[in-house]
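Since the structure comes first, as structure tokens, the remarks are kept for the end.
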Amino acid sequence: MAELRHDWTRAEVLALFDLPFNDLLAQAHAAHRAQHDANAVQVSTLLSIKTGGCPEDCAYCPQSARYDTGVQAHKLMSVEAVLERARAAKAAGASRFCMGAAWRAPKDREVAQVAEIVSAVKALGLETCATLGMLSGAQADTLKSAGLDYYNHNLDSAPEFYAEIIHTRQYQDRLDTLQQVRAAGMKTCCGGIVGMGETRAQRAGLLQVLASLPEHPHSVPINRLVRVAGTPLAGSAELDPFEFVRTIAVARVLMPASMVRLSAGRAEMSDELQALCFFAGANSIFHGEKLLTTGNPDVAHDQALFARLGLHALHGDTASDAHAHIELDATADCCVGGCGCDAVA
Ligand code: SAM
Ligand code: DTB
Ligand code: SF4
């Protein structure tokens with residue numbers, strides 16, 4: 001297996017972006033096939049456990065208190081309410097349950113409450129992921145002890161573009177939290193958003209920083225900007241879909257062992273565009289009709305797409321894990337077997 005590189009230069013990454021489309025896709029698909037089951041897609045479900053009212057000014061985000069987006073703020077959900085949603089996600093075939101909170105940086109009391117939720121979700125046999133904003137080392141340790149498997153914290157864009165999008169924190173703040181997460185022994189989920197008006201060189205810059213982290217993120221979500229009315233980026237021009245596919249492909253080449261997630265923006269993508277993204281190396285999605293506050297494809301539509309493409313949901317999430325076929329099915333109440341997990345009926 002080829003060794004993972006952490007020393008990609010910006011020029012090398014940009015050269016990949018500049019390849020003829022077919023050459024880039026061939027390279028990305030070969031990298032994908034060398035390390036992953038090319039027909040397996042890891043499936044996560046996302047739930048907003050604390051919505052809106054965020055003090056940060058991220059120009060893309062419907063949950064910032066600074067923009068009038070119609071999102072109704074909601075305090076942290078109770079353990080029982082989250083559990084009900086987690087059980088439904090498991091029954092629908094999700095292997096990971098991701099919980100998002102619109103905080104800049106949670107208070108210790110809030111981290112303790114989330115830790116309780118994490119333990120309860122983990123006890124259902126789901127992998128757990130949370131995205132709560134910036135963390136201290138002690139907070140990361142608390143979450144790890146509660147059983148949190150992944151922490152999502154995106155770099156979102158290239159360092160030089162960041163200050164055009166967010167003014168209330170620095171790029172280095174994000175890198176520092178990622179360091180705390182790694183030090184606590186959790187897996188990182190870290191990616192970004194494209195289609196915010198950044199240049200190709202800046203898309204290359206984001207991926208170059210991701211691939212230069214001390215560990216490649218275990219999951220790399222590539223979000224296509226969801227243009228939400230009321231946010232400063234609502235009127236952004238749509239990114240050329242082929243440029244989106246190129247971004248997925250370059251992420252796959254740079255971080256061959258990571259799970260590359262075709263993340264926000266799928267509701268506005270054609271089936272054909274999604275199929276190209278899977279060919280280019282995307283092997284993870286959010287499943288379920290809502291992301292945090294915006295829409296996601298209907299469950300039935302995803303089931304049909306998986307069937308048309310011969311894709312199956314992956315139970316377990318790394319290149320080395322045993323791959324088992326599980327149903328991507330709103331009515332299934334267990335894993336259909338083969339992977340040795342305790343969800344088998
Ligand atoms: N507040 C925490 C934070 O910022 O890390 C966690 C929640 S925040 C909503 C998680 C991620 O959602 C952001 O880093 C961003 O990548 C993504 N996101 C937010 N709004 C988006 C949008 N309109 N389109 C695409 N991705 C978006
Ligand atoms: C990620 O990279 N994308 C997800 C998840 N991690 C937390 C969030 C997408 C949010 C899209 C806008 C919304 O639904 O509010
Ligand atoms: Fe707050 Fe996160 Fe949205 Fe930024 S992306 S406004 S930090 S919820």
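Just follow the structure's listing: the first ligand is 1, and inside any ligand the first atom is 1.
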Atoms of ligand 1 close to L292 [distance to a heavy atom under 4.0 angstrom, numbered from 1]: 9 (C)
Option of least heavy-atom distance to atom 7 (C) of ligand 2 (set: N154, T231, T131, N223): T131
Min N/O separation L292 to ligand 2 under 3.5 Å: yes
Atom indices of ligand 1, in the order listed, that fall short of 4.0 Å to a heavy atom of G133: 2 (C)
Quiz item: cation-pi between R261 and F286, 6.0 Å / 45°: yes
Distance filter under 4.0 Å to R169 heavy atoms, resulting ligand 3 atoms: 4 (Fe), 7 (S)
Metal site atom 4 (Fe) of ligand 3: N/O/S of C58 inside 2.8 Å: yes
Ligand-residue contact atoms, ligand 1 with W103, heavy atoms, under 4.0 Å: 1 (N), 2 (C)
Protein heavy-atom partner closest to atom 6 (C) of ligand 1 - residue, atom, separation in Å: T131 OG1, 3.1 Å
Nearest protein heavy atom under 4.0 Å from atom 1 (Fe) of ligand 3, yes or no: yes
Residue, atom name and distance, where the atom is the protein heavy atom closest to atom 20 (N) of ligand 1: Y60 CD1, 3.4 Å
Region of I193 engaging ligand 1 - heavy atom pairs below 4.0 Å: side chain
Salt-bridge criterion met for D18 and R200 (N-O under 4.0 Å): yes
For P62, atoms of ligand 2 separated by under 4.0 Å from a heavy atom: 15 (O)
Any G100 heavy atom less than 4.0 Å from ligand 2: no
Test: K187 and D149 ion pair at under 4.0 Å: no
Residue-ligand contact A101/ligand 1, heavy atom below 4.0 Å: yes
N-O pairing of K50 and E110 below 4.0 Å: no
For Y60, the ligand 3 atoms whose distance to one of its heavy atoms is below 4.0 Å: 5 (S)
Contact check, Y60 vs ligand 2, heavy-atom distance below 4.0 Å: no
Ion pair check, R87 and E80, cut-off under 4.0 Å: yes
Candidate with minimal heavy-atom separation from atom 3 (C) of ligand 1, of M134, R104, R174: R174
